[in-house]
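Written out below as structure tokens is the structure these notes cover.
For ligands, and for the atoms within them, numbers begin at 1 and follow the listed sequence.
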Amino acid sequence: MCGIVGYVGSRQAVPLLLEGLRRLEYRGYDSAGVAVVRDGLHLVRRVGPVANLAKAVAVEPPGGTGIGHTRWATHGVVAEPNAHPHLDSTSRIAVVHNAIIENHAAILALLEQEGIQFRSETDTEVLPHLIRKFYQGDPVEAVRAALLLVQGTYGIAVAFADHPDVLIAARNGSPLVLGKGEGETFLASDPQALAGHARQVMYLEDREIVLITAEAWDITRLDGVRITHALEELATELVWSGKGSYAHHMLKEIHEQPESLRRCLSGRVVLDQGGAKLGGLDLPPSEIANITRVGLLGCGTSFHASLVGAAAMENLARIPAFAEVASEFRHRNPVIDQGALFLAVSQSGETADTLGAIREVQLKGGRVMGVVNSVGSSIARTCGHGVYVHSGPEIAVASTKAFTSQVAALLVAGLMFGRTRILGLHEGQSFGRELLGVPELVERYLDAPGAIDAAAELVSGGKYVFFFGRGVSHAVAMEGALKLKEVAYVPCMSYPAAEMKHGPIALIDANTPVVAVVPDDTMRDKTLSNVQEVKARGARIIIVHTEGDVYAAALADVSIPVPRTHSSLISPLVTVLPLQLIAYRAGIMLDRDIDRPRNLAKSVTVE
Ligand code: GLU
């Protein structure tokens, strides 16, 4: 969840480290720090955004080797002594660490008995002390000996005052990538930080240690076996882009959806066959015909996209399908039948719980493929097969364009499986044609989004807010509620519309804001009855409905029409748009930190 960067070369390390940290800031950002080797170790750490750190390091001496970190606290409060890098007691070894050392308490007790005084509350601080304990002149062997005692997950980078021209890095369950420049080497926890500096990259695997110099690197496994990895080209879509003319990344990313959806759909819908082609899901029709079940696994927004994906698999392909929160699935000893296909859905491709679920499926002999945004991420590589959703880098913590691209990619998969199993040519063609038309609908909606501010005022003034819908619109309601929690910190709940009367309706009183997602599909009339039920009890209603639905519009205090989609499976791609905008505007009205909401991180690499 944190960001790690490292640099070995002849240029000044500090500006390069700061630039890398700024790009990774979205991943975790309660504090940041750098350590640079130049006649000893120079350490600077600050609480708050990277900008605070940048002010503090401006006067630091130049150096060509350094490490940096943005922290998302797991152990210990947000305070400067807990910020990374952490030093050993002689201040000659500096460590940055992502994730959690699970047996830190036992190691700490051992080191304290040996007289070591700890200066932070973090799990991480055991690492520099442990490395120091084993250090006899060889930095790689010291790190290896320390890591052999460690349980848990880590991506680490280590700088030694005694070895000004090298860095050591190691990973277990937390990503690290190396980039090759001209006579310089970059290290990062996310390839995004390498864009513009390195064309060729190398991903470190679990339980590997690497010795990094300006010219080369040398990888060994924890057990000492030397290995090599091929260099890979850095994906061209990883071009670093700022906010452009938008006030926030979130708003920019909402408005990028016509383009990101076009990218996701491009070349994948095959209209003349009424089907689809997803290069990464390279299953021959005979295998698709034999799939007995599809399980979609994800967390947060990716779980909501998975719910739509499951509906697509059942409705388009008549394959029994379910979506489940990955953290629950992985620990419940699930039944993995051999005919099943699992799809692991994740924006970052690093989500620890989703990775755990993948390993559970693989351990039980099942088939799992990734549906991810980040090219080269751990999930993409662990699955080996899968689909990139191609939404482009998403920086705002609250996901918007990645959600719509995940839904679109899963609808394409539904079409591909459906055409093999039950869909005729014309049915497939009309679904495919409608899907290809979605980017234009999204563009049209975003050009004239309707009464977003009126809706945002209503929800931001509420004690709590209800969201409801049915079928795929329930998944959209869940996603809308999540956005409002994340970006505006407004307490809200989401329910399948008919569930309201089974309990939650007790909470409705005069002026409770309710957001109903009611596209013109087979469930419209029933959902509008549920709207009447809460309206009768005084709720203030916001309805997202199909344009031209005058009855729904008249029922609402705030009516937000969206373009018509003929297939209800496609409707989430338009009904979610006003909910994204409402959350954004409510966040602005309540003066929230839109792109970096409190307590959250973009890529959740801890369990
Ligand atoms: N567990 C470490 C800490 O709390 C690392 C957290 C992170 O991944 O940023 O400092």
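Annotation: R71 places an N or O atom under 3.5 Å from an N or O atom of ligand 1; distance criterion only. Checking only distances, A99 does come within under 3.5 Å of ligand 1, N or O to N or O. For T70, no nitrogen or oxygen atom sits less than 3.5 Å from a nitrogen or oxygen atom of ligand 1, counting backbone and side chain alike.
Salt bridge present: D353 and R330 bring a charged side-chain N and a carboxylate O closer than 4.0 Å. The pair E205-R221 does not count as a salt bridge, with every side-chain nitrogen at least 4.0 angstrom from each carboxylate oxygen.
Those atoms of ligand 1 with a heavy atom of H84 less than 4.0 angstrom away are 2 (C), 3 (C), 5 (C), 10 (O). Close approach to D123 involves these atoms of ligand 1, each under 4.0 Å from a residue heavy atom: 1 (N), 2 (C), 3 (C), 4 (O). Interface atoms of ligand 1 facing H97, defined by a heavy-atom separation under 4.0 Å, are 5 (C). Atom numbering of ligand 1 starts at 1 in the shown order; those under 4.0 Å from a heavy atom of N98 are 8 (O).
Interatomic distance, CG of D88 versus CZ of R119, reported as 7.5 Å (0.5 Å rounding).
In this structure, G76 has no heavy atom closer than 4.0 Å to ligand 1.
H331 and E360 share no side-chain donor-acceptor pair at under 3.5 Å.
Residue pairs meeting the ring pair (Phe, Tyr, Trp, His ring centres under 6.0 Å) criterion with at least one partner in residues 584-607, sequence neighbours excluded, are H248-Y584.
By the 4.5 Å heavy-atom criterion applied to side chains, R11 and L16 are counted as neighbours.
When non-hydrogen atoms are compared, ligand 1 lies under 4.0 Å from the backbone of T74 as well as from its side chain.
Taking D123 as the reference, nothing meets the side chain to side chain donor-acceptor pair (under 3.5 Å) condition, with sequence neighbours excluded.
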